Asker: 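Quick one: this structure, given as structure tokens, is what I'll be asking you about.
All chains are named by letter (A, B, ...) in the order of the sequence lines, taking the proteins before the strands, and each is independently numbered beginning at 1. Since the structure is predicted, the reported quantities are computational estimates derived from the model, not experimental observations.
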Amino acid sequence: MNQIVLKEDVMNANPAQKVKLAVSGICKTFRIRNANGQQSSFLPVLRDVGFDVYENEVVSLIGESGCGKTTLLRTIQGLIRHDSGTIKVDGQEVKSAGRDRGFVFQQPSLLPWRTARENVEFGLELQGMAAGERAERARKLLALVGLGHAAEQFPHQLSGGMQQRIGLARALAIDPTILLMDEPFSALDAQTREVLQKELLRIQAQTRKTILFVTHDLDEAIYLSHRIIVLAAKPGRVKEVITLPFAGERPELPVMRGDPEFQAIRAHIWDLIRSAPANS
Amino acid sequence: MTSNTLIGGAVAADDLIEDLEPGAPVKRYWLVRLVSIVAVLAIWEVAGRQVNPLFMAYPSDIVHAAYRMIASGELLAAFLDSMKTLTLGFILACVAGVALGLLIGRYRYVDAATDWLVNALYATPLVAITPLVILWFGLGFPAKLFIVFILAVFPVLINTASGVRNVASQLIDVGTAFAATERQIFGKIILPAALPFMMTGIRLGIGRAIIGMVVAEFFTAINGLGALIIKYGNQFETAAMFVPILCLMLMGVVYTTIALRFEHWVAPWRFTDDE
Ligand SMILES: Nc1ncnc2c1ncn2[C@@H]1O[C@H](COP(=O)(O)OP(=O)(O)OP(=O)(O)O)[C@@H](O)[C@H]1O
Ligand SMILES: [Mg+2]
């Protein structure tokens, strides 16, 4: 059970993989206004960022703080307009938010006047689904994230971990093919985080979603993903894409940490991130 | 347990303390309150009897006067008249304040076109224009209605607008991320998020509406509780004068408490749990 299955290259081993999300040539420059609103300077945050994410794959974006991970993810969701480049989902270019992509925010960002169930229903309600149908759907999803009992409670009555699960259920409710997650577990304590990481893997196995996951936690990235995209900073660009040799059933994270291969990969990524400022 | 604490922050702090030591202390607070009320009334009664009745009345005297005024129907008539002005003017102020506040908070251009006027009028002690209003509308009901309205409308308007402006951008992002239309973002996010601010504005508006009502009745001096105060003041019947004053106090407390309860009810997440 503790044995780690090693493969040469998971993705190459399965060439039939279909590209789900294709990001290419993304550039984004923010204009910074002074306090008096007069002069403005320009801050290039993303430069020519491109990568593919395959169907059913979990890909992590990792990089030092401020390198543009959130900006990139928000761009893909359509919350920020990019200057150039294209984002394609299933080969179709997307320019604004759509139900093909579900977003999980770093802060749970639940609507405080809605119960857990009503929060999960939010996206469905916007689509005009009938009340009975969406309530049923929301209950199923709450059960999926382990919160079936808390459906009628308000966010302020729930813990941070529970709120984050509701955020996940809300994103899953619209049945997106891609989940974009921005450091969803970073505000949680270590135990809760580990529980939710396991939950996410279980849910991913169950729902077969494609996941693009931002994190600054190396262990989390290695534990959850098939591939890791390391971003360099100032401006943000793809530095290296690492394909992880772990496939299928993963042992628990504490067990994995003891694996020499895990440690080697971890050290490698750590070097990449640390050397980033020197390269720019 | 928080019914007579009128400021949101104080409520939260109060609840926090009570949550730390549940059970008996709540009762003890009430006991302290009761003792303090009885003590003040007793001191007033004793001290009030020493003073020339022209300058001060004492509780038992006021109760007698109240009994007389209730029996003659005078108090009820004045009370109903005041309530009519207050309620109607206040409802109009809430409707107009919320509607204008939503527009001003939502649209930059409307804001730019009106903010100087709104701020100037809000800062002006508007009771100062009462004589002018009486010139416009005469001494009747419309003048009083207008004064109540103009005093109460600005707190409602300003709080509503700032509620709309201050909706957390994270919540707007949620709408955008789930492909909400502009209308859906307004209806399902901005409006409910601004609701507690509206309620705060409405609560603040009540105090000003009551002030407006009394001032208007002072000036017109025909009917209502304000006119009653003027009448008994002119007749040097101090005890009788206190009766409408206490009525006004009661009105303010009751209305503000209701508004505060309502505030809790529409936005329970802003306050610590009562359970
Ligand atoms: N709306 C904005 N206007 C101007 N600059 C911005 C804006 N949003 C982000 N930035 C800048 O872009 C850079 C990248 O920010 P971003 O939030 O994408 O970083 P991040 O990689 O997510 O960092 P972290 O790991 O700390 O969350 C930062 O330097 C930030 O100051
Ligand atoms: Mg970020």
Asker: If you count heavy-atom pairs under 4.5 Å between each of A/Leu180, A/Ile174, A/Leu126 and chain B, which one has the most?
Answerer: A/Leu126
Asker: Is A/Gln92 atom CD crowded by more than 12 heavy atoms from other residues, nucleotides or ligands, each under 6.0 Å away?
Answerer: no
Asker: Under the side-chain contact (heavy atoms from CB on, under 4.5 Å) rule, what do A/Arg114 and B/Lys188 come out as? Steps first, then yes or no, please.
Answerer: CA-CA 10 Å; A/Arg114 286 174 171 243; B/Lys188 291 183 192 294; 4.1 Å; yes
Asker: So, taking the atom named CG in B/Leu171 and the one named CG in A/Leu110, what distance separates them when rounded to the nearest 0.5 Å?
Answerer: 9.0 Å
Asker: If you tally heavy-atom pairs under 4.5 Å against chain B, which of A/Arg101, A/Glu125, A/Arg99 wins?
Answerer: A/Glu125
Asker: Non-hydrogen contacts under 4.5 angstrom with chain B: give the residues of residues 67-78 of chain A involved, or none if there are none.
Answerer: A/Arg74, A/Gln77
Asker: As a quick check of understanding, evaluate side-chain contact (heavy atoms from CB on, under 4.5 Å) for B/Ile189 and A/Phe122, giving each step before the final call.
Answerer: CA-CA 10 Å; B/Ile189 293 175; A/Phe122 181 68; 3.8 Å; yes
Asker: By a 4.5 Å heavy-atom criterion (distance strictly below it), what part of B/Leu195 contacts chain A: side chain, backbone, both, or neither?
Answerer: neither
Asker: Within a reach of under 6.0 Å around CD of A/Glu136, are more than 12 heavy atoms found that belong to other residues, nucleotides or ligands?
Answerer: no
Asker: Where is the tightest heavy-atom contact between B/Ala177 and A/Ala97, given as atom of each residue plus distance?
Answerer: O-CB, 3.5 Å
Asker: I'd like to know whether CZ of B/Phe262 has more than 12 heavy-atom contacts from other residues, nucleotides or ligands below 6.0 angstrom.
Answerer: no
Asker: Please state whether the side chain, the backbone, both or neither of A/Ser109 comes within less than 4.5 Å of a heavy atom of chain B.
Answerer: both
Asker: For a quick test of reading the model, state the closest non-hydrogen atom pair linking A/Leu79 to B/Asp173 and the distance between them.
Answerer: CD2-O, 3.6 Å
Asker: Check the surroundings of atom OH in B/Tyr109: do more than 12 heavy atoms from other residues, nucleotides or ligands lie under 6.0 Å from it?
Answerer: no
Asker: Should A/Arg170 and B/Phe178 be marked as a side-chain contact (heavy atoms from CB on, under 4.5 Å) after you check the CA-CA gap, both sets of side-chain angles, and the distance that decides it?
Answerer: CA-CA 10 Å; A/Arg170 176 175 65 183; B/Phe178 282 86; 3.5 Å; yes
